[in-house]
Amino acid sequence: MRKILTTALLALTFGANAQTLNPDNYEYPVRNVAGLCSSNFGEMRPDHFHSGVDIKTDGVEGKPVVAVADGYISRIVVQPSGYGQALYVTHPDGTTSVYGHLSRFRSDIDSLVRTERYRRQRNSVDLFLNEEEYPVRRGETIALSGNTGNSFGPHLHFEIREIATQRTLNLIAQGVIRVADTQKPIVNSIYYVAVDSVGGMTLHSKPRRTALHRTAPGHYVPADGKPVKVAPAGYFILDVTDRKDNVWNRFGVYRVSESIDGKPVFEYRMDGFTFDASRYCNAVSYYPMQLTARSEMIRLACLEGNRRDFYTVLDDNGLVRMADGGRHTVRIEAEDDCHNISAIEFEIEPGFADAEFTAAADDMRRRIADGDPSLLVINRTRPFTTQCGDIEVTIPEGSLYESVPFHGGPAGVAAPADSTIMAISPVYEVMDSDTPLQKSMNISIRAFVPYDIRPHVALATITAKGRPAYVGGKYDNGAITARTRRFGCYYAVADTVAPTVVPRFINGSDMRGNKEISFDVDDNFSGIGEYSMFIDGEWVPVDYSPIKGRMTHSFDHLRYPRGTRHTVVINVTDNCGNRTVWRGEFTR
């Protein structure tokens, strides 16, 4: 038999260390809803795992949100992004429950938030409270559900975290949030990737797909009935998704395991994670395919720079090694958070051939042996800096999950056409956009910038759809420098177009029947950076929804007696320093 178990199995503590919750100790967090979910815990999101459960509120806002257990409100957050308006409740069992995307807080909490926003003259606040201030009882209403922050539809984002570690926990797998789910995970296909080690780098072949045939619910085999050809070393990728009863949403899986000839060699499970580990989803998944996939593309191997605490079984980093030339039986299981299981069973045998992959490995060996001066390697354990003409790239150590050869320089393509911004440098390529970064790198592009537009310059990247996208950065000493966590194509731009501000009322109108005053706000490129509103010369709080492109001030009846005339001024500045000021009047 091949040498398939070259090291002892690593029984790691990612799942074992997660706090076990008693479902009977917790109330369902929202009232008068059907009890359906739109997202589950640990789903692969762009650059992060989903940290909670998204509970449907039947397409509307305003459902009562309740404390799931006795405790006290320990934190209140109001911000335009993230969870929007959110509450945190600390419980005696060492956990904190989190309620996100709220539309309104309970009246006494709302009064505190409003007072603090006026006192600090800040639209966004993050308030920390002690246990004497706002105690709550299990089942007590604390807010109304909403659609604030980074939310694309009414729902409640709900979490429970361990206080000591700030690890957020899988509430469906632990039975705290109960959902109807009799459906087994859907396995779309498997892929095989051959690997080769060259000069301290691991080279990967292009994934080779094996179509599957479902022989029974939850049981799959290769559609052609043949053994899968494998190389001396490689790993599999599982293309999998999950469904739950009564909804059309797609969900992430809870556990994926692999055994060879009946012996476990790999297991990934999603019991919980700390937030500093969230971006490692880019290594848990097969990132180049996960970027555009609707399902989860889970890599049944652990990259050198990935964290091991996502895996409860890990032999030889998940690599399948073939040394004896025989056939072996592989079983891959996918389990959802309601413990429905699907499995694929198939045989593997030597015979994988990929001329392009072999040639690339041989070419890399030759370049290393010849001391090719053009070969630059990003060693993941060391800082890396290189300069090519007018672009300089600095990558901190630990930014990559593997050591890889660097490539970059003039991209040889024109900047995307956009009449609202001006390209002020050529387009440069910095690696491939399907190579993930764990940490931010610095990109600096030298360019001639006239003095009057220096406050309005930034770096832009080119999206997969060929459009310019704002990255950020500032001009200093002849260069525009920005930090980014994505490889791709970059160039320097100038944006001198101010945001648009359009009132959602007729200037000078009588607003005695209105509870709020709002504006539609938009920007051509860089997005809104700062905003403020003044009524009769006094600062007032504004709620901003970037997704809706709307800014709203809710009237305080004590401040605006009915029948009085008021002036309103709103200042909006984009991230490239362009400012718009709108002035008007209304009767209240």
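Worth knowing before you read on, the calculation uses all heavy atoms, side chains too, and leaves out hydrogens, waters and symmetry mates.
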Minimal heavy-atom distance between P185 and V240, with the atoms involved, is CB-CG2, 4.1 Å
Ion pair R250/D242, N-O distance below 4.0 Å:
no
Q.
Between R45 and D54, does any NZ, NE, NH1 or NH2 come within less than 4.0 Å of an OD or OE carboxylate oxygen?
A. yes
So P410 and P426, do their side chains get closer than 4.5 Å, heavy atoms only? no
Looking at N40, is its backbone amide N or carbonyl O close enough to the side chain of H50 to form a donor-acceptor pair, meaning the two atoms are under 3.5 Å apart?
yes
*asked:* So P154 and V60, do their side chains get closer than 4.5 Å, heavy atoms only?
replied: no
Between R366 and D363, is there a side-chain N and carboxylate O pair less than 4.0 Å apart? yes
Checklist entry - Should we say atom CZ of R454 is surrounded by more than 12 heavy atoms from elsewhere, each under 6.0 Å from it? => result yes
Item checked: Pair R117 + D543: basic N to acidic O under 4.0 Å -> yes
Quiz item: Are K229 and Y192 in a cation-pi contact, defined as NZ or CZ under 6.0 Å from the six-membered ring centre and within 45° of the axis?
Solution: no
Test ring pair (Phe, Tyr, Trp, His ring centres under 6.0 Å), reference F49, set Y280, F41, F310, F275, output is F310
Applied to residues 404-421, the side chain to side chain donor-acceptor pair (under 3.5 Å) test, sequence neighbours excluded, yields H407-D432, D418-T420, T420-N524
Kindly determine whether E116 and I76 satisfy side chain to side chain contact (heavy atoms under 4.5 Å, CB included), including the steps that lead there. CA-CA 11 Å; E116 285 299 308; I76 309 169; over 6 Å; no
* **Lys/Arg-Asp/Glu bridge criterion (N-O < 4.0 Å) met for R380, E304** => yes
With sequence neighbours left out, the residues meeting side-chain hydrogen bond (donor to acceptor under 3.5 Å, both in side chains) with T484 are Y490
Any side-chain heavy-atom pair from V404 and V377 closer than 4.5 angstrom?
no
Apply side chain to side chain contact (heavy atoms under 4.5 Å, CB included) to residues R243 and I186 and explain how you reach the verdict. CA-CA 8 Å; R243 294 292 181 91; I186 301 168; 3.9 Å; yes
CZ of R382 to CD of E397, rounded to nearest 0.5 Å, is 10.5 Å
Parallel, tilted or perpendicular: which one describes the rings of F505 and W582, with boundaries at 30° and 60°? perpendicular
Checklist entry - Hey, what's the ring geometry for Y235 with H204, parallel, tilted or perpendicular (30° and 60° as the breaks)? => result perpendicular
Using a 3.5 Å distance criterion without hydrogens, assess whether the side chain of N150 forms a donor-acceptor pair with backbone atoms of S81.
no
Q | Side-chain (T573) to main-chain (G577) donor-acceptor, under 3.5 angstrom | A | no
d(D523 CG, D574 CG) to nearest 0.5 Å is 4.0 Å
Check for a donor-acceptor pair, side chain of N170 on one end and backbone N or O of G42 on the other, with a separation under 3.5 Å. no
Looking only at heavy atoms, the pair that brings E585 and V568 closest together is N-CG1, 4.2 Å
Exercise. Does the ring center of Y544 lie less than 6.0 Å from the ring center of Y531?
Worked result: yes
Sidechain-backbone polar pair: N123 side chain, V542 backbone, donor-acceptor under 3.5 Å
yes
So CZ of R504 and OG1 of T552: to nearest 0.5 Å the spacing works out to 8.0 Å
Which of T385, N379, I378 passes side-chain contact (heavy atoms from CB on, under 4.5 Å) with I395? Answer is I378
Self-check item: Whether S425 side chain and A447 backbone form a donor-acceptor pair below 3.5 Å
Solution: no
Of all heavy-atom pairs linking M551 and I570, the shortest is SD-CD1, 3.9 Å
Point to revise | Over 12 foreign heavy atoms within 6.0 Å of CZ, R279 | key: yes
- [ ] Kindly assign one of parallel, tilted or perpendicular to the pair H101 and H155, based on the angle between their ring planes and the thresholds 30° and 60°.
- [x] tilted
In terms of heavy-atom contacts, Y401 and N306 come closest through CD2-N, 4.4 Å
Side-chain heavy atoms of V193 within contact of I237, under 4.5 Å
yes
Take D522 and T500 through the side-chain hydrogen bond (donor to acceptor under 3.5 Å, both in side chains) test and state the conclusion after the steps. CA-CA 5 Å; D522 193 21; T500 59; 4.8 Å; no
I want to check something: taking the side chain as every heavy atom from C-beta on, are F251 and T241 in contact at a cut-off of under 4.5 Å? no
*Any donor-acceptor N/O pair, E392 side chain to S444 backbone, under 3.5 Å*: no
**Prompt:** Using 4.0 Å as the upper bound for N to carboxylate O, is an ion pair formed by D276 and R167?
**Reply:** no
Distance col, row C576:SG vs K474:NZ, nearest 0.5 angstrom, shows 7.5 Å
*asked:* Can a donor-acceptor pair be found, under 3.5 Å and without considering hydrogens, that links the side chain of S526 to the backbone of N575?
replied: yes
### Task
Flag the pair S374 / R367 as yes when at least one side-chain heavy-atom distance between them is below 4.5 Å, and no otherwise.
yes
Value for CE (M289) from CD1 (I298), rounded to nearest 0.5 Å, stands at 12.5 Å
R208 (side chain) donor-acceptor with Y191 (main chain) under 3.5 angstrom: no
Value for CG (L319) from CG (L314), rounded to nearest 0.5 Å, stands at 9.0 Å
Exactly one of I535, I506, N507 clears side-chain contact (heavy atoms from CB on, under 4.5 Å) with F586, and that residue is I535
| said: Pair F352, S205 - check side chain to side chain contact (heavy atoms under 4.5 Å, CB included), show working. | reply: CA-CA 11 Å; F352 177 88; S205 72; 3.8 Å; yes
Would you give me the side-chain donor-acceptor pairs under 3.5 Å for residues 353-362, sequence neighbours excluded?
unit_1 : atom_1 : unit_2 : atom_2 : d
D354   : OD1    : E356   : N      : 3.1
D354   : OD1    : F357   : N      : 3.0
T358   : OG1    : D354   : O      : 3.1

Under a 3.5 Å distance rule, please check whether E296 uses its side chain to pair with a backbone N or O of M44 as donor and acceptor.
yes
Residues A469 and T463: closest non-hydrogen pair is CB-CG2, 3.7 Å
Run the salt-bridge test on D47 and R486 with the 4.0 Å N-O cut-off and return the result as yes or no.
-> yes
Quick one: do R446 and D390 make a salt bridge, cutoff under 4.0 Å? no
Correct closest heavy-atom pair for E429 and M431 would be CG-O, 3.5 Å
inquiry  = For Y88 and R161: C-alpha separation, side-chain torsions, deciding distance, then whether side chain to side chain contact (heavy atoms under 4.5 Å, CB included) applies.
reply    = CA-CA 10 Å; Y88 296 66; R161 304 177 184 177; 3.8 Å; yes
Determine whether the aromatic ring centres of residues Y428 and Y491 are separated by less than 6.0 angstrom. no
Side-chain heavy atoms of M422 within contact of I453, under 4.5 Å:
yes
